[in-house]
Amino acid sequence: MLVALAGGFGGPRLIAGLLDVLPPPEITVIGNTGDDLVRHGLHISPDLDSVVYRLAGALNPELGWGLAGETWRVMDALERYRGENWFRLGDADLATHLYRTQRLADGATLSEVTGEIARAWGLELRVVPMSDDPVGTKVTVDGEGELPFQDYFVRLHHSVPVSAVRFDGADIARPAPGLVDTIAAASRIVIGPSNPIVSIGPILSIAGIRTAIAARRRDVVAVSPIVGGSALKGPAEHLLRELGHEASVVGVARYYADLAGCLVIDEVDADLAPRVEAEGVRCVVTKTVMADRDLAASLARVVVEARA
Ligand code: FO1
């Protein structure tokens, strides 16, 4: 069993590559739920949906989130009521949130509902939220103080400096059922190339998960989301720098040093490999920019075979 930690962007691409390398039932994805929010009374889990939509081949290619071929009649109709619609929910995407919200209201857990949604999209791998308990990423920004994650990421276009990030509820949130055992029994644990602070960070903020992964350090491989000093998409390098980390593969190695025995970096950063190893983390240099499915599969092969 391979366990992969994934956020919204880079992680799902690598998992699509892993599906070309391993039998899907042997893969468990732990998804970030720190980005979750309630909008218009609906429970939305952006990173869980990005994983499912990407792996089902249904992700909107232009946006990198939501569904391909989407229409926006409901959001446009909200204009009449001057309804807050800065967080855009496509007409077909709404079905996912309607279903999830109803099932949660029926008393189902987020894990159960996420499994139902993944199966409804024909996925054979397991997609599991980090916890069934609520955890909310809160970002403190200049001028507005502490905000829910999506206000920072979407409403403010993550264009404002951040002075603090915390994961509200993480101190009492329990790992999703079975996750600790799955991590303990896994042959390989992969920390995907998602934002270390706000995509992987919430997952690691659940004590039972962090402890379980740290105990498996020699079988944990992380893939740097930072290539040549910046992230391919999103605010990872800004957040790393604003929160006092080096915005480079060395900073990522240091950030994951107590959890991952190996860090995979892109060829662009080959000259930094000695500094990664100086952090006590084995360094593997390869192509990590997954411009197409074949590159994602070859990166997946490297990740599966890397000796941590
Ligand atoms: N990102 C945006 O930049 N603008 C949006 O309006 C937006 C809506 C949205 C709706 C559903 C969903 O699953 C994701 C959505 N995202 C949007 C992306 C989302 O903010 C990110 O996927 C994650 O939260 C960060 O990884």
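This one's a predicted model, so the numbers in the text were calculated from it and none came from an experiment. When a ligand or atom number is given, it counts from 1 through the structure's own listing order.
Residues in residues 61-81 take part in these salt bridge (charged side-chain N to carboxylate O under 4.0 Å, His left out) pairs, two or more places apart or across chains: D76-R88. Applying the side chain to side chain donor-acceptor pair (under 3.5 Å) definition to pairs two or more places apart or across chains, those involving residues 149-164 are E144-R155, D151-R155.
Protein residues with a heavy atom under 4.0 Å from ligand 1 are G8, D35, P46, D47, W65, W86, F87, R88, L89, D93, F149, Q150, F153, V154.
With sequence neighbours excluded, the residues satisfying salt bridge (Lys or Arg N to Asp or Glu O under 4.0 Å) with D219 are R216.
For Y53 and W121, the distance between ring centers is under 6.0 angstrom.
Checking N32 against S199 by side-chain atom types alone, no donor-acceptor pair falls below 3.5 Å.
Note: T33 OG1 to I44 CD1 = 14.0 Å, rounded to the nearest 0.5 Å.
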